[in-house]
Amino acid sequence: MGRRPSENFWVLECANGHIQHLVKAQTNRHFYGHACYSLDGKLLYVTENDTVTLAGKIGIYEVAQGYQKVAEFDTHGVGPHELVMHPDNETLIIANGGIKTEKASREELNLDTMRPSLVYLDRHDGRLLEQVLPQHNQMSIRHLDIHDNGTVMIGIQFQGAPHINVPLVLTHQRGDSELKPLMMQDNQWYCFHQYIASVALDSANQLLCVTSPIGGCAVVFDLRTRKAIKTVQLPDCAGASVLKVGSDNNCKTSSGFIVSDGQGVLTTLTLDNQVNPNNPWQIKVESVHHKMSFDNHLQAL
């Protein structure tokens with residue numbers, strides 16, 4: 001997906017990287033860097049911007065027609081970024097960042113009056129099902145992941161003054177009136193420098209990994225306690241994805257995440273819950289250097 005901003009996206013053959021489709025945005029549209037498939041793989045939903053009105057849009061592209069655009073929905077906000085499909089395959093969940101951006105320069109035009117929101121749409125007809133605003137209007141909702149039970153994991157990029165300490169990782173379930181923050185020790189979110197780049201969720205083990213390239217760290221949360229359990233210093237880290245590393249016949253005994261950075265390093269965070277019952281998650285950190293650097297996101301296939 002093109003991002004900065006881009007009027008193209010590409011469909012690649014995963015085995016060899018060959019381009020299967022090059023898709024160009026319609027007139028007065030550009031892409032916002034994220035997309036998701038319907039669970040049956042028949043439709044691709046893409047976050048877009050109307051460059052005239054600056055209204056957020058969801059473009060719907062039909063796979064069987066060579067990724068032709070067949071419909072468009074309103075996101076009921078501006079600056080939509082990541083979107084995910086609910087496990088019910090009926091509901092689109094969209095992170096409206098709330099920031100109006102000038103196309104050529106990417107200048108942010110409305111930081112004082114921005115209105116971010118988390119939006120749920122009916123994926124078939126675009127009906128607005130639910131919309132929730134964060135506690136502060138400068139908490140730009142940017143990145144999402146979703147639990148098997150439908151709980152949404154939310155990563156924030158805060159656009160307010162540097163001294164303001166707001167929660168940057170939150171959750172939401174349908175019907176809740178507010179976003180619920182996870183907990184950092186002493187409620188100190190400053191290690192992220194107000195910027196969450198990726199969220200990656202292990203539903204089976206109730207673990208969440210978030211990254212911050214500006215803060216130079218990855219943090220793992222235990223969703224059962226809603227507390228951070230480990231902070232790992234990783235300069236310029238951004239991409240994060242679940243890495244399955246082991247199980248037994250009864251339950252998973254270990255889990256892991258893989259984290260990428262712009263300096264050409266892939267780091268695995270292996271978590272084991274069989275080491276010490278009083279400290280149930282022990283984390284092993286291993287890094288491997290590559291000849292290439294990595295951009296903001298990873299996706300498990």
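In terms of heavy atoms, Cys209 sits closest to Leu269 at SG-CD1, 4.2 Å. In terms of heavy atoms, Ser293 sits closest to Gly262 at CB-O, 3.0 Å. For Gly97 against Pro116, the heavy-atom pair with the smallest separation is O-CB, 3.5 Å. Across Leu54 and Thr51, no two heavy atoms sit closer than the pair CD2-O, 4.1 Å. Of all non-hydrogen atoms in Thr267 and Ser287, the two that sit nearest each other are OG1-OG, 2.7 Å. The minimum heavy-atom distance linking Ala161 with Phe158 is given by the pair O-CE2, 3.8 Å.
The hydrophobic cluster of Met183 has no other members, since no ILVMFWY side-chain heavy atom comes under 4.5 Å of it. With side-chain heavy atoms closer than 4.5 Å counting as contact, directly or through intermediates, Leu133 stands alone and belongs to no larger hydrophobic cluster.
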task: Begin from the C-alpha positions of Tyr45 and Ile60 and carry the test side-chain contact (heavy atoms from CB on, under 4.5 Å) through to its verdict.
output: CA-CA 5 Å; Tyr45 297 87; Ile60 299 96; 3.5 Å; yes
- request: Start with the C-alpha distance between Lys24 and Glu7, add both sets of side-chain angles, then the distance that settles side-chain contact (heavy atoms from CB on, under 4.5 Å), and finish with yes or no.
  value: CA-CA 6 Å; Lys24 293 185 177 294; Glu7 296 175 352; over 6 Å; no
- request: Show your reasoning for whether side-chain hydrogen bond (donor to acceptor under 3.5 Å, both in side chains) applies to His147 and Gln206.
  value: CA-CA 9 Å; His147 196 287; Gln206 300 288 328; 3.0 Å; yes
- request: Please step through side-chain contact (heavy atoms from CB on, under 4.5 Å) for the pair Arg123 and Thr91, ending with a clear verdict.
  value: CA-CA 5 Å; Arg123 80 169 182 93; Thr91 309; over 6 Å; no
message: side-chain contact (heavy atoms from CB on, under 4.5 Å), that's the test. Do Leu208 and Asp202 meet it? Break it down for me.
response: CA-CA 6 Å; Leu208 180 71; Asp202 179 351; over 6 Å; no
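Judged by distance alone, with hydrogens and angles left aside, the side-chain atoms of Gln188 form a donor-acceptor pair with the main-chain N or O of Asp186 at under 3.5 Å. Here the side chain of Ser6 pairs a donor or acceptor atom with the backbone of Asn8 at under 3.5 angstrom. Using modelled atom types, one side-chain atom of Ser203 and one backbone atom of Asp148 make a donor-acceptor pair closer than 3.5 Å. With Ser38 contributing its side chain and Leu43 its backbone, the two residues share a donor-acceptor pair below 3.5 Å. For the pair Ser198 (side chain) and Asn296 (backbone), a donor-acceptor distance under 3.5 Å is present. Looking at Gln131, its side chain does come within 3.5 Å of a backbone N or O of His76 through a donor-acceptor pair. The main-chain N or O of Thr75 is found under 3.5 Å from a side-chain atom of Asn96 such that the two form a donor-acceptor pair. Put simply, the side chain of Asn137 gets close to the backbone of Met114: a donor and an acceptor are under 3.5 Å apart. Looking only at distances, no side-chain donor or acceptor of Asn205 sits under 3.5 Å from a matching main-chain atom of Ser255. Using a distance-only test at 3.5 Å, with no hydrogens or angles considered, a donor-acceptor pair links the side chain of Tyr190 to the main chain of His163.
Remark: Ser212 OG to Asp236 CG distance equals 9.5 Å, nearest 0.5 Å. Note that CE of Met85 is 6.0 Å distant from CG of Leu39, once rounded to the nearest 0.5 Å. To the nearest 0.5 angstrom, Ile93 atom CD1 is 10.0 Å from Asp145 atom CG. Annotation: the span from Leu22 atom CG to Leu12 atom CG amounts to 10.5 Å, rounded to 0.5 Å. The line from NE2 of His136 to CD1 of Ile156 is 11.5 Å long, rounded to the nearest 0.5 Å. In this structure, the separation between CG on Leu144 and CE on Met153 is 10.5 Å, given to the nearest 0.5 Å.
No continuous path of ILVMFWY side-chain contacts below 4.5 Å connects Met184 to Ile214, so the two sit in separate hydrophobic clusters. In the hydrophobic clustering of ILVMFWY residues, with side-chain heavy atoms under 4.5 Å counting as a link, Trp189 and Tyr195 come out apart. Using a 4.5 Å cut-off between side-chain heavy atoms of Ile, Leu, Val, Met, Phe, Trp and Tyr, with links allowed through other members, Val78 and Ile58 fall into different hydrophobic clusters. Note on Ile154: it does not cluster hydrophobically with Val242, by side-chain heavy-atom contacts below 4.5 Å among ILVMFWY residues. Val119 and Ile141 fall into different hydrophobic clusters, where Ile, Leu, Val, Met, Phe, Trp and Tyr side chains are chained together by heavy-atom contacts under 4.5 Å.
Residues in residues 164-174 take part in these side-chain hydrogen bond (donor to acceptor under 3.5 Å, both in side chains) pairs, two or more places apart or across chains: Tyr120-His172, Glu130-Arg174, Thr151-Gln173, Thr171-Arg226.
The salt bridge (Lys or Arg N to Asp or Glu O under 4.0 Å) check on Glu13 picks up nothing, with sequence neighbours excluded. Every side-chain contact (heavy atoms from CB on, under 4.5 Å) that Val46 has, sequence neighbours left out, goes to Met1, Phe9, Phe31, Ala35, Leu44, Glu48, Tyr61. The ring pair (Phe, Tyr, Trp, His ring centres under 6.0 Å) test applied to His34 returns His81, His143, His297, not counting sequence neighbours.
Side chains of Lys57 and Asp74 form a contact here, defined as non-hydrogen atoms less than 4.5 Å apart. At least one side-chain heavy atom of Ile229 sits less than 4.5 Å from a side-chain heavy atom of Leu207. Inter-residue side-chain proximity for Asp176 and Val132 is flagged as unmet; no heavy-atom pair is nearer than 4.5 Å. Side-chain contact between Arg127 and Leu129 is present, with heavy atoms from C-beta onward closer than 4.5 Å. With a 4.5 Å cut-off on side-chain heavy atoms, Lys230 and Leu271 do not count as touching. You'll find the side chain of Asp222 stays beyond 4.5 Å of the side chain of Lys227, heavy atoms only. At a threshold of 4.5 Å between non-hydrogen side-chain atoms, the residues Leu182 and Leu223 count as touching. Counting heavy atoms from C-beta on, the side chains of Ile146 and Pro87 come closer than 4.5 Å.
Surrounding NZ of Lys69 are more than 12 heavy atoms belonging to other residues, nucleotides or ligands, all under 6.0 Å away.
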